[in-house]
There are 2 protein chains.
Amino acid sequence: MSDLLERLRGRGWRMTAQRRVVAEVLDGEHVHLTADEVLARATARLPEISRATVYNTLGELVSLGEVIEVATIGRAKRYDPNAHRPHQHLTCSGCGAIRDVHPVGDPVDELPATERFGFSVSGAEVTYWGRCPDCVRTSEPPAPH
Amino acid sequence: MSDLLERLRGRGWRMTAQRRVVAEVLDGEHVHLTADEVLARATARLPEISRATVYNTLGELVSLGEVIEVATIGRAKRYDPNAHRPHQHLTCSGCGAIRDVHPVGDPVDELPATERFGFSVSGAEVTYWGRCPDCVRTSEPPAPH
DNA sequence: GTATCTGCAAATTGTTTGCAGTCTA
DNA sequence: TAGACTGCAAACAATTTGCAGATAC
């Protein structure tokens, strides 16, 4: 179950109750929680955990390369533990749900040399957007917000 | 010169000195300013403009579809006036410079049906990252931050 | 003339930090 | 035991909002 926790132990990461709970809450596929959501779920398991510790721990997991930060427009950033398998994201503009997806090919190959402006290009992040089955069905107005 | 301003006038957008200056500051290609930068440049031309008005105006330009918001991790979002020609972004992880780029093909076509989870996919946003010529040359340490 | 816009200042939201006390390895 | 981690509260950064006065059309 807990791949993330396993990896962290293996790397000699100092383990405390708080850190374990944060790692447990984050573990899995298609997990993209905000710091606040992590705090809420962690608190449910360990009421004495503090917001600062959640932020500290998330920041450390990002530095370790075990968790990826996902930028969002106008909202709190999200934390994605699926750091060891390259993937992209598919976001529902209705409800904000996010899925991990795997496009065919490498997006970087789609960028011709004439469009690179002399940059040394090392990667690409793709965010697909659309409407999830639920939001399509209930045919909410297309405006996200 | 000022395509953006032209379009806004054409759409019957109420014109004030403040709004004109914001639109002028934003106009062009490869322009990706933060609200703060817009404020700074607008203030240079019109010292009495306020921060709130810059935010109000930017928000309105986004609602009108004349300007696009670009998300960044941990930093203030950027405003991109190049809303009428589909494009993607190439970011320098050294200095943060951003260029508008045009990959070949449509990124959406790269996402197989089996990876769509029943979503109705309507678009994709791609952020390429790498190092710009200057940052490659000065060979700064690869870490952004 | 009037609906809309503007500036000011205060409120919100998301995140970081300083520091004394606590705990893991 | 020592160095690392934690909680609290205060600081910060980015953005939004309420409201009285100003202004474009």
Side-chain angles (χ1 to χ4, degrees), chain A residues 5 8-26 32-64 66-80 96 145, chain B residues 5 8-26 32-43 45-64 66-80 96 144-145:
Chain A
L5 214 39
L8 291 169
R9 277 193 222 280
R11 296 181 63 167
W13 197 52
R14 188 168 196 161
M15 192 59 64
T16 66
Q18 293 81 340
R19 286 169 161 219
R20 181 177 45 74
V21 167
V22 168
E24 284 172 1
V25 157
L26 272 178
H32 310 89
L33 301 173
T34 62
D36 236 44
E37 289 166 346
V38 171
L39 173 63
R41 296 182 189 203
T43 301
R45 303 187 187 194
L46 183 69
E48 42 282 322
I49 197 172
S50 77
R51 180 177 300 272
T53 295
V54 168
Y55 274 104
N56 286 342
T57 305
L58 289 173
E60 193 157 344
L61 291 174
V62 170
S63 302
L64 286 171
E66 295 290 349
V67 164
I68 291 168
E69 292 179 313
V70 181
T72 61
I73 21 180
R75 321 206 133 281
K77 64 184 136 183
R78 292 178 174 278
Y79 295 87
D80 178 349
H145 208 272
Chain B
L5 214 40
L8 291 170
R9 278 192 223 280
R11 296 181 64 168
W13 196 52
R14 185 170 199 160
M15 192 59 64
T16 65
Q18 291 82 340
R19 286 171 162 216
R20 180 177 46 73
V21 167
V22 169
E24 284 173 1
V25 157
L26 272 177
H32 311 89
L33 301 173
T34 63
D36 235 45
E37 289 165 346
V38 172
L39 173 62
R41 297 181 189 204
T43 300
R45 303 186 187 195
L46 183 71
E48 42 282 323
I49 196 171
S50 77
R51 181 177 299 273
T53 294
V54 167
Y55 274 105
N56 286 341
T57 304
L58 288 173
E60 193 158 341
L61 291 174
V62 170
S63 303
L64 287 171
E66 295 289 350
V67 164
I68 290 168
E69 291 178 313
V70 181
T72 60
I73 21 178
R75 319 205 136 280
K77 65 183 136 184
R78 293 180 173 275
Y79 295 86
D80 178 351
H145 206 267

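Chain identifiers are assigned alphabetically (A, B, ...) following the order of the sequence lines, protein sequences preceding nucleic acid strands; residue numbering begins at 1 within each chain.
- Rounded to whole angstrom, the span from the CG atom of Asp36(A) across to the C1' atom of dT15(C) amounts to 11 Å.
- Residue side chain Arg14(B) reaches the base of dA24(D) through a donor-acceptor N/O pair under 3.5 Å, judged by distance alone.
- Contact annotation: Thr16(A) side-chain N/O to dT6(D) OP1/OP2 distance is under 4.0 Å.
- In the set dT6(D), dT17(D), dT15(D), dT6(D) carries the atom at the smallest distance from any side-chain atom of Arg19(A).
- Atom CG in Leu8(A) sits roughly 15 Å away from atom C1' in dC5(D) (whole-Å rounding).
- Contacts of Asn56(A) with the nucleic acid, taken as non-hydrogen atoms under 4.0 Å apart, include base atoms.
- Contact between the side-chain N/O atoms of Arg75(A) and the OP1/OP2 oxygens of dT13(C) is not found at any separation under 4.0 Å.
- Taking only side-chain nitrogens and oxygens, Gln18(A) comes nearer than 4.0 Å to OP1 or OP2 of dG7(D).
- For the residue pair Tyr79(A) and Leu58(A), the shortest heavy atom distance occurs at CE1-CD1, 3.6 Å.
- Under 4.0 angstrom from either OP1 or OP2 of dT16(D) there lies no side-chain N or O belonging to Tyr55(B).
- For the OP1/OP2 pair of dC8(C) and a distance below 4.0 Å, the side-chain nitrogens and oxygens of Ser50(B) include no atom meeting the criterion.
- Residues Trp13(A) and Glu66(A) have side chains that never bring a donor and an acceptor to within less than 3.5 angstrom of each other.
- Summarising the geometry, the separation between NZ on Lys77(B) and C1' on dT13(C) is reported as 12 Å, rounded to the nearest angstrom.
- Heavy atoms only, all atoms of each residue included: Ile73(B) and Val70(A) are closest at CG2-C, 4.5 Å.
- A salt bridge does not link Glu37(A) with Arg41(A): none of the charged nitrogens is closer than 4.0 Å to a carboxylate oxygen.
- In terms of heavy atoms, Met15(B) sits closest to Leu5(B) at CE-CD1, 3.9 Å.
- Between the CG atom of Leu58(B) and the P atom of dA14(D) there is a distance of 14 Å, rounded to whole Å.
- Note on Ala76(A): only backbone sugar-phosphate atoms sit closer than 4.0 angstrom, heavy atoms only; bases stay farther off.
- One atom, CG of Leu61(A), and another, C1' of dC5(D), lie 14 Å apart when rounded to the nearest Å.
- Phosphate contact (OP1/OP2 of dG7(D), side-chain N/O of Arg51(A), threshold under 4.0 Å): absent.
- Rounded to whole Å, the distance from CE on Met15(B) to C1' on dT6(C) is 16 Å.
- Straight-line distance from the CG atom of Leu39(A) to the C1' atom of dC8(D): 14 Å, rounded to whole Å.
- Atoms CH2 (Trp13(B)) and P (dA24(D)) sit 14 Å apart, rounded to a whole Å.
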